[in-house]
Amino acid sequence: MSSIELNKILNPEQLLGVTTTEGPVLILAGAGSGKTRVLTHRVAYLMEQGVAPYNIMAITFTNKAAGEMRERVNNLAGHGAEQVWVATFHSTCVRILRQFADRIGYDTNFSIYDADDSKTLMKEVCKHLNIDTKKYKEKRILGVISSAKDEMINEEEFAVRNQSDFMMTTYISAYREYQARLRSNNAFDFDDLILKTVELLKQDPEVLNYYQNRFKYIMVDEYQDTNTVQFELVRLLASSHENLCVVGDDDQSIYKFRGANIYNILNFEQHFPNATVIKLEQNYRSTKKILFGANAVIKNNEGRKEKALWTENDEGEKIRFRQFDSAYEEAEFIAMDVRSQKRRGNFDFKECAVLYRTNAQSRILEEKFINENIPYRIVGGVNFYARKEIKDILAYLKTIDNGDDDIAVQRIINVPKRGIGATSLGKVSTYARENEMSFYAALLEASEISTLGKASGKIAPFVEFIEKIKIKLPEYTVPEVIREVLDGTGYIEELQAEGTDEALVRVENIEELINKAILYQEENESPTLSGFLEEVALIADIDRLDENEDYVVLMTLHSAKGLEFENVYMAGMEDGLFPSIMTISGDDDAELEEERRLCYVGITRAKKLLTMTAAKTRMVRGEWQYGAISRFVKELPSEIVDGNTWEGKSRDFAATSFNEPKKSFAEKKKEATKPTVASSYAAKLKEIKAVSAGTKIEKNALPYGVGDRVQHQKFGEGTVKNIADGGRDFEVTVEFDRVGVKKMFASFAKLQKC
DNA sequence: GTTAGAAACAATCCT
DNA sequence: TGTTTCTAAC
């Protein structure tokens, strides 16, 4: 692709961003200005200029962004593009550490601890150090440690800096002990992945040299979100060639709370005095009215680089605003409006997104979406991989993979119940500490531990079970290891015996984990257990979104960054909720400005239609809360807003055009179906065997038939009247005891035989 | 050692 | 309101 051709598909600023390959470049890319397009074309352009793909690196924050970039680069650049290093910060560091962690005293098959594991470890630390957790909450201590790590302060440095402050002594010792235990468990927490990589590069010139030579051209996406230690990582890698291109938007900096340092972008030109600065100000995403609203809101912020986004797009519809008496009605309106938009052919479900400030708001929305039988997907809240059943299975895998990981071993030694309680565990722990060995190593010698008595007999079968799998590990695929664990523990059977809705959802989640493992096994050239564990450890909920399926997405405003939707709802636009109470009550303007940037991010997600809603009352933590209309709503110019109740009498939304006409129930149900393949545990096991045998996966059968009694999450029990094959899915007719006859697609209804 | 039920407590947003 | 931790009884 020559620059003449590029000329046609890129505007002059974008073109400059693509072709300015040498030296530091800062691209200030406004929302919807085509930054991904610039980055991907830049990679292709570099390759065309003769740069080896092997020497190009692109770093993002989420796997989703990395995946998209990878796909687009592959399409654009073709052969050799797969050698370009496209990865998130965290997976980049994991890859480096898997290679060289032994140089900083870890084993290369280390575990990665998520927030949950870290908390468990911190509890042990507090207990060991006799820290009063009423006074110093584990979470608080972890927060202090995490912030320190973001600022590149390790435990020694932390001690030095705070030695004169006796209020900090507890934190100092907790940090020390926590790190010591991570080390002996051969584990890194999330922050460590980056901090330890930076330490490795700093203390080992050979390794630094190796990567500096490899990464001759570096690109960083969402640069406004980088924290101090991430900046240092990038700086180290780029310091020999200085071909560093960063792309970001200071107006979309919304991660101060996790250490993002906005000065990384604001002071880029000071860090790199010879930097080229390029501004992308033409927006290709939103209508004029939406963009006008976004600009009007963000201009109330002071600490920002001046820019003026503009667009050639249509004028568009006004931004709708509606206030309701309760959050209940608000949610109902959104669900009905989505339904109505779909019915009128305006938007598919997948073109709609509901954004909110706090995860707690999702529950009531979810309820209404289920009632309306609208397919939806909630992003965030409890991360899929943080669910109990998933973590249990993963803990087994970690135990098999890294026996030094005490947290994993202790998590599952008594799951399912083996009659090994806290007292026995304490004895094993003591023995392990006295003999300076890992917990698992101590378990192997359980019969030698005199204090244990007959409890050692209960430990033996567990250890034998793990050892048996370990021996066979080389011949197993990852899904097979999971199957061994499930078979050997009876985990699924136990859940099925329980029979509650919740237990059955857990079974489904395990099925999804198996699916993930199958996919991993198929798509990787050299699949390993460590590799799989690493992949799932770094997966964020947002990464699981699939654009091919037709569902409405519900998520926080934070999760929405980087995404775009035709039709966007911003729910809960109330002072006290958004902006949140702590930013209003505190007198820190910077915090309010960050909330405003968040609002800006929300508005600019919308392409065609934007609707803001508020509730006068909502239930928060068990008590009713009254909220005035958000100040951000009032910052919108009234001429582009439809339904601005704050300026006069409230308007009845029922009288406006999006009130939907009556429709039959059957039609409604039909619209809310989700075309995926039904699944069952038995079918999943069949898949595992199929994959292991190298054969094709077949379409699954349903675990119930006509005449069977089934259970639905919302509608309760009923009898199956009919099952029709609808191509990719089955359409099931059920007569429910409480709510009558309903037709639904099997994969969406998630019916369980009872 | 396990379990159920009571009491305490919770403060956004996330890799 | 929803979740986690504590307590008491099996």
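Protein chains get the first letters and strands the later ones, always in sequence-line order, with residue 1 at the start of each.
- Nucleotides of DNA chain B with any atom under 4.0 Å from a heavy atom of chain A span, from 5' to 3', dG1(B) to dT15(B).
- Looking at heavy-atom distances under 4.0 Å, N359(A) makes contact with sugar-phosphate atoms alone, never a base.
- Among the heavy atoms of the strands lying under 4.0 Å from K139(A) are primed sugar atoms or P, OP1, OP2 only; no base atom is included.
- Counting non-hydrogen atoms under 4.0 angstrom, Y255(A) reaches the backbone sugars and phosphates but no base.
- Note: H558(A) and F257(A) have perpendicular aromatic rings, judged against thresholds of 30 and 60 degrees for the angle between ring planes.
- Using a 4.0 Å heavy-atom distance criterion, T556(A) is classed as a sugar-phosphate-only contact.
- The separation of dA11(B) from dC6(C), taken at their P atoms, amounts to 16 Å, rounded to a whole angstrom.
- Here ring-ring contact (aromatic ring centres under 6.0 Å, His included) pairs that include residues 108-134 of chain A, with residues two or more places apart or in two chains, are F110(A)-F188(A).
- Ion pair E68(A)/K64(A) flagged as a salt bridge, since at least one NZ, NE, NH1 or NH2 atom sits closer than 4.0 Å to an Asp/Glu carboxylate oxygen.
- Taking the ring centre of F231(A) as origin, the terminal cationic atom of R235(A) falls outside the region bounded by 6.0 Å and 45° from the ring axis.
- Of the possible donor and acceptor atoms, one in the side chain of N301(A) sits under 3.5 Å from a partner among the backbone N and O of E593(A).
- D401(A) and S530(A) share a side-chain donor-acceptor pair at under 3.5 Å.
- Nearer the 5' end of DNA chain B, as judged by each residue's closest nucleotide, is the contact made by A422(A), out of A422(A) and N63(A).
- Across all strands shown, N414(A) has heavy atoms under 4.0 Å from sugar-phosphate atoms exclusively, and none from any base.
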- Query: Quick one: what's the B/S/- string for nucleotides 2-10 of chain C, heavy-atom cutoff under 4.0 Å, read 5' to 3'?
  - Reply: SS-S-----
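- Nearest heavy-atom pair, A540(A) versus N383(A), reported as atom, atom and distance to 0.1 Å: CA-ND2, 4.0 Å.
- Going from atom CG of L97(A) over to atom CD1 of I104(A) covers 5.5 Å, rounded to the nearest 0.5 Å.
- Spacing between dT12(B) and dT5(C) at atom C1', rounded to whole Å, works out to 24 Å.
- Contacts of G622(A) with the nucleic acid, taken as non-hydrogen atoms under 4.0 Å apart, include base atoms.
- Between R363(A) and E366(A) there is no salt bridge, since no side-chain nitrogen of the basic residue lies less than 4.0 Å from a carboxylate oxygen of the acidic one.
- Between A455(A) and D191(A), it is A455(A) whose nearest contact on DNA chain B lies nearer the 5' terminus.
- If you check every strand for non-hydrogen atoms under 4.0 Å, K137(A) touches sugar and phosphate atoms only.
- In this structure, F61(A) reaches the sugar-phosphate backbone alone: every heavy-atom distance under 4.0 Å involves primed, P, OP1 or OP2 atoms, never a base.
- Here S559(A) lies in heavy-atom contact (under 4.0 Å) with sugar-phosphate atoms only.
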